[in-house]
Amino acid sequence: MTEVLVLRNAHAIATLAGGTRRGAAQGDAAVLVREDDSLALAIVDGAIAAVGARDAVDRVLAGLGLDPADQPAVDVRGGLLTPGLVDAHTHLLFGGSRERELLLRQQGAGYLEILAAGGGILSSVDSTRAATAEALQDHGRRWLREMLSHGVTTAEVKTGYGLDLDTELRCLEVAGRLDREGPVELVPTYLGAHAVPRALRGRPDAADAHLDDIIANQLPRIAEQGIARFCDVFCELGVFDAAQSRRVLLAGRAHGLSPRLHADEIHDSLGAALAAELGAASADHLAAISPDGIEALGGAADAGMPVVATLLPATTLYLMSSHYAPARALIERGVPVALGTDFNPGTSPTPNLQLVLSLACLQLHLTPQEALVAATVNSARAVGLEGTHGTLETGRQADVVAWAVPSVEQLPTWLGADLVRTVVKRGRIVVGDAPATAG
Ligand code: IZC
Ligand code: ZN
């Protein structure tokens, strides 16, 4: 039987029609507006069937043999419709918590200093190794609920708190289960090269020894398991350098995992240039990208092989740094910009991508439309889902959010407020009231 859902009485619909945006187009969310709140969106069998003026949408329904007056409908009361948000960078699955690091950093310790002393990522590795799959799944479900309540319908999710094969496989298994459970759809990334494990530290060749283990032992089994889609690496001074990062990303690619990377987060580590060289899906953080790095990403975009710059301003805020990624320079150089929460226990303990939209406006100086483009169509591209996710175009998967504000401009202004009224995933309401059927 045909399953129909109609969202009615929208003031504005940001359709994001037209694919990945860069340069001046980054600021075009393809917004429809009707002062009389007469916009509608119809969903048939999980896909978008029509978007636009009420009469035109009703005609499409009638053309499908469906009486428009008789379909399940939600009154969005003059709100804004956008695609479901896509969080392009999360470390969802971990055991324990790291509030002690906030105190250490308030006392002047640096993030990399805490890691070098065996804390930071390594303390999350200890608690994640000790966690059962069931505990990790319960924890993941709890935070996915929260992401969803802020409008996220798809999220990338990294491993990287196992570092050993067993725990990395366990976390991917949990990511696969949570994805099947829904409603938030997950894109799993293998990040075995997140840090050098404790057991190897002190050896002069520690980083290379870990990469040897990843390449010889872990990647073949991760690929065989078949859940991870991407391979990531923390390319950073004192963690893995660009040559080491290249090695692991090429090995990942040989096993069918597309490259993406943590690039130039704290120091310029030549990560952006490496991302451009490899044609990575995404180069993430970039708070310390050099002018050469910006040029490398600009050149890749000009050559038709854009690497998405996934910016994570909540991390900069939480690290109490004033050094935000040069988002305006990236946009001016024609690099497509996306956004993510970087949800993790140490440097960005926020699951709220709506708050990140606000930070993008306040700290990266994006316009509200640029920020919305970054968190929908461009973040869909950053996680390899361009073509199916991130826009409200006919035929697309029906992931839709109805917001309790009438415009894209208002979306980032109510800092930290709960603005989500209804969330639809694959055509079904997963947040908000059930539809009414007009008779
Ligand atoms: O657990 O500290 N940057 N990885 C690289 C992180 C931040 C997450 C963490
Ligand atoms: Zn990260």
Side-chain angles (χ1 to χ4, degrees), residues 87-102 104-105 109-129 131 136 139 143 155-163 167-168 171 175 187-198 207 230-241 245 248 259-267 269 271 275 280-289 308-321 323 325 338-351 353 356 379 382-383:
D87 189 338
H89 186 134
T90 86
H91 302 252
L92 175 74
L93 300 174
F94 53 85
S97 63
R98 304 216 322 244
E99 61 281 0
R100 271 188 53 244
E101 282 171 45
L102 175 59
L104 291 173
R105 287 190 291 101
Y111 167 71
L112 290 173
E113 200 184 328
I114 295 169
L115 174 61
I121 294 170
L122 292 177
S123 81
S124 292
V125 169
D126 294 340
S127 5
T128 306
R129 285 180 179 177
L136 290 167
H139 157 102
W143 289 110
E156 189 260 8
V157 43
K158 302 175 196 300
T159 67
Y161 294 124
L163 307 182
T167 317
E168 291 291 310
C171 287
V187 180
T189 294
Y190 166 65
L191 176 57
H194 194 193
V196 174
R198 228 181 260 293
F230 289 94
C231 181
D232 196 341
V233 57
F234 189 11
C235 180
E236 179 62 53
L237 186 71
V239 190
F240 299 101
D241 66 23
S245 300
V248 67
R260 59 190 313 113
L261 60 158
H262 287 69
D264 309 328
E265 175 181 356
I266 295 156
H267 302 92
S269 308
S282 174
D284 297 31
H285 283 293
L286 304 177
I289 189 174
V308 178
T310 298
L311 307 184
L312 310 168
T315 307
T316 314
L317 178 74
Y318 195 74
L319 287 178
M320 299 182 282
S321 162
H323 212 85
L339 290 167
T341 55
D342 194 18
F343 178 67
N344 79 76
T347 66
S348 187
T350 180
L353 191 58
V356 171
S379 50
V383 301

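Whatever order the structure lists ligands and atoms in, that order sets their numbers, starting from 1. FYI, the numbering just counts along the sequence from 1. Since the structure is predicted, the reported quantities are computational estimates derived from the model, not experimental observations.
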| task | Could you find the nearest protein heavy atom to atom 4 (N) of ligand 1 and give me its residue, atom name and distance? | result | H194 NE2, 2.7 Å

| query | How about R198: does its CZ atom have over 12 heavy atoms from other parts shown lying under 6.0 Å from it? | reply | yes

| task | Show which atoms of ligand 1 fall inside a sub-4.0 Å distance from at least one heavy-atom site of R98. | result | 1 (O), 2 (O), 9 (C)

| query | Are side-chain heavy atoms of L312 and T347 found at a separation under 4.5 Å? | reply | no

| Roughly how far apart are H194 NE2 and D232 CG, rounded to 0.5 Å? | 8.0 Å

| remark: So the atoms of ligand 1 within less than 4.0 Å of a heavy atom of Y161 turn out to be 1 (O), 8 (C), 9 (C)

| T347 neighbourhood, listing ligand 1 atoms whose heavy-atom distance to it stays under 4.0 Å | 2 (O), 7 (C)

| message | In this structure, does ligand 1 have an atom that sits under 4.0 Å from one of the heavy atoms of E236? | response | no

| note | Among non-hydrogen protein atoms, atom 3 (N) of ligand 1 lies closest to E265 OE1, 2.9 Å

| field | N or O pair under 3.5 Å between D342 and ligand 1 | value | no

| field | Plane angle bin for H262 and H285 - parallel if under 30°, tilted between 30 and 60°, otherwise perpendicular | value | tilted

| query | Which protein heavy atom lies closest to atom 7 (C) of ligand 1, and at what distance to 0.1 Å? | reply | Y111 OH, 3.1 Å

| Quick check: does H262 get an N/O under 3.5 Å from an N/O on ligand 1? | no

| task | Examine ligand 1 and decide if any of its atoms is less than 4.0 Å from a heavy atom belonging to F94. | result | no

| Numbered atoms and elements of ligand 1 in range of I121, under 4.0 angstrom, heavy atoms | 1 (O), 2 (O), 4 (N), 9 (C)

| query | Does L311 reach the side chain of L286, with side-chain heavy atoms less than 4.5 Å apart? | reply | yes

| message | With rounding to 10 degrees, what does the angle D342:OD1 / the Zn ion (ligand 2) / H262:NE2 come to? | response | 170°

| request: Would you please classify the geometry between the W143 ring and the F343 ring as parallel, tilted or perpendicular, with 30° and 60° separating the classes? | output: tilted

| Rounded to the nearest 0.5 Å, how far does CG of D284 lie from OG1 of T189? | 9.0 Å

| said: Between E156 and T310, is there a side-chain heavy-atom distance shorter than 4.5 Å? | reply: no

